[in-house]
Student: 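First the structure, which I've put down as structure tokens, then a few questions once you've had a look.
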Amino acid sequence: MTRTKLAEGVYLTYLPAHKFKTSLLSAQFVTPIKAESASAFALLPAVLRRGTVRWPDLGALSQQLDLLYGAKVDYTVRKKGENQCIGFVASFIDDSFVPGGERLLEPVAELLGELVCNPVTERGRFVPSYFETEKTNLTDAIRSIVNDKRDYASLRLLQEMCAGEPYGISRLGDERSAQRLSLQKLHALYGELISTAQLELIYSGSAPRARVEDALRSAFSTLPRDGIREIALARPHQAPAEVRTVVENMDVTQGKLGMGFTCGSDDTPALLVGNTLFGGSSNSRLFLNVREKLSLCYFASSTYHRQKGIITVSSGIEFENFQKAYDEILLQLQEVAAGRLEDWELSGARSVLLNAYAAMGDSQGSLENFYLGQAATGQEETPEILARAVREVPAKRIFQAMETVCLDTVYFLKGKEDAQ
């Protein structure tokens, strides 16, 4: 893997690969996520994907992709740390498998460049019908989040725990902001984004790096660059003086208990393993004890958010089991911090992480997502470096890091009939 600067604020992560029959090319703008612009930037790639000057509608774009042997271009909206990453990911047959020695890298790169730099317009702005359709789609997507109560509860926990911090903002923004978007505002933000935001280009395939660089320099030669903004490096979350509890009532038959913890340590390898022991796998304490042994939860897992220095727990419970589940989750955290484990648990947790890092190399999509996250959060480790750190971190450091984990925020979603 190499990462090189192609132009001001434009970087290429080159991932040589000869074992895949496809190549992947990703173009992602990285910009600090803000409440006032999150919905607009979530809408933008969907509008850009509707057409370019040369291919002004989805039909024309589809025909062009068919000529490129069924290449695919999807728009993406992701949140990495406290940045919003928006752009396109293209997948196409690797040149080594194309009949007759035809090259696909250059025309696919050119297509991405046109989607970004030369979108189809009407009277100097985006096509109104495209804008209105995609605005409706975005609003529906934001509304639909509540339909998956597990994801909804996880989002609400982060919103409450990180209130006032960019980390608490949804990648899609909010419904009110989406509904209030105007065509003029979106076009103005588009001009600002492509001029000032960092552009991360990621390639995985068999083409030599020099050829990839040449293709991308040509494809994005008209990209305006003026006053490039730095990416937002997430500030560690500060624990409140007292634990905050938020209860929300909704027409649900299963309660959702979310618990947010602040980590007082920045020992990443230790916390990665510690969280895996706690709730990060199907062999974790939360899964085997709280869910399987005690049957207090329909599901129970934890996630370590490295950029913010927090751990969040997601669980589904019967309403009346709130206190029992709450107490047991805290007890299992204490057990991990104290090192009261079976012999196999620590080695099992390491194996889960090591297998995950090893498996990353078998998926171009996973590699793209990983390296985009690294670039967007200012990290430089490769999966191999992280795997070595996980393999070598001693048990004592793991327990010491988990001792610093303290409860911050509790979110409980329960049924309306239980409202007090």
Student: Around atom CZ of Arg235, are there more than 12 heavy atoms from other residues, nucleotides or ligands closer than 6.0 Å?
Tutor: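 At most 12 heavy atoms, drawn from other residues, nucleotides or ligands, come within 6.0 Å of this atom.
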Student: Run the numbers on Tyr371 and Glu200 for side-chain hydrogen bond (donor to acceptor under 3.5 Å, both in side chains), then give the verdict.
Tutor: CA-CA 10 Å; Tyr371 280 107; Glu200 291 292 334; over 6 Å; no
Student: Between Lys34 and Glu165, does at least one N-O distance fall below 4.0 Å, as a salt bridge requires?
Tutor: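 No, Lys34 and Glu165 are not salt-bridged.
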Student: So for atom CG, which belongs to Asp226, do other residues, nucleotides or ligands contribute more than 12 heavy atoms lying within a distance under 6.0 Å?
Tutor: no
Student: Identify whether the distance between the nearest side-chain nitrogen and carboxylate oxygen of Arg49 and Asp74 falls below 4.0 Å.
Tutor: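 The answer is no: the pair does not qualify as a salt bridge.
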Student: Decide yes or no for Phe220 and Leu199: does some side-chain heavy atom of the first lie under 4.5 Å from some side-chain heavy atom of the second?
Tutor: yes
Student: Are Arg285 and Glu328 within salt-bridge range, i.e. N to O under 4.0 Å?
Tutor: no
Student: In plain terms, say whether Arg244 and Asp408 are close enough for a salt bridge, that is, a side-chain N and a carboxylate O under 4.0 Å apart.
Tutor: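 Judged by the 4.0 Å cut-off on N to carboxylate O distance, Arg244 and Asp408 do not form a salt bridge.
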Student: Are side-chain heavy atoms of Leu105 and Phe92 found at a separation under 4.5 Å?
Tutor: yes
Student: Strictly below 4.0 Å, N to O, side chains only: are Asp95 and Arg211 in salt-bridge contact?
Tutor: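 Judged by the 4.0 Å cut-off on N to carboxylate O distance, Asp95 and Arg211 do form a salt bridge.
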Student: Output yes when Glu110 and Arg54 qualify as a salt bridge under the 4.0 Å nitrogen-oxygen rule, no when they do not.
Tutor: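 Between Arg54 and Glu110 there is a salt bridge, with a charged N closer than 4.0 Å to a carboxylate O.
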Student: When you check the gap from the basic side-chain N to the acidic O, do Arg3 and Glu380 get nearer than 4.0 Å?
Tutor: no
Student: So does Arg209 pair up with Glu213, basic N to acidic O under 4.0 Å?
Tutor: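 Looking at Glu213 together with Arg209, the answer is yes, because their closest N to O distance falls below 4.0 Å.
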Student: Does the structure place the NZ or CZ of Lys293 under 6.0 Å from the centre of the six-membered ring of Phe287, at an angle of no more than 45° from the ring's axis?
Tutor: no
Student: Think Arg50 forms a cation-pi with Tyr130, using NZ or CZ under 6.0 Å from the six-ring centre and within 45 degrees of its axis?
Tutor: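 Yes, cation above the ring, under 6.0 Å and within 45°.
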Student: With no hydrogens and no angle check, do the side chains of Thr22 and Gln364 hold a donor and an acceptor under 3.5 Å apart?
Tutor: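 Yes, side-chain donor-acceptor contact under 3.5 Å.
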Student: Using 4.0 Å as the upper bound for N to carboxylate O, is an ion pair formed by Glu8 and Lys5?
Tutor: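 Looking at Lys5 and Glu8, the cut-off is met.
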Student: When the ring centroid of Phe131 is compared with that of His187, is the distance short of 6.0 Å?
Tutor: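 Ring centres of His187 and Phe131 not closer than 6.0 Å.
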Student: Counting the benzene-type ring for Trp, do Phe126 and Tyr190 have ring centres under 6.0 Å apart?
Tutor: yes
Student: Hey, is Glu368 close enough to Arg78 for a salt bridge, meaning N to O under 4.0 Å?
Tutor: yes
Student: Look at Lys414 together with Glu248 and state whether they make a salt bridge at an N to O cut-off of under 4.0 Å.
Tutor: no
Student: Can you confirm whether the side chains of Ser96 and Asp94 place a donor and an acceptor under 3.5 Å from each other?
Tutor: yes
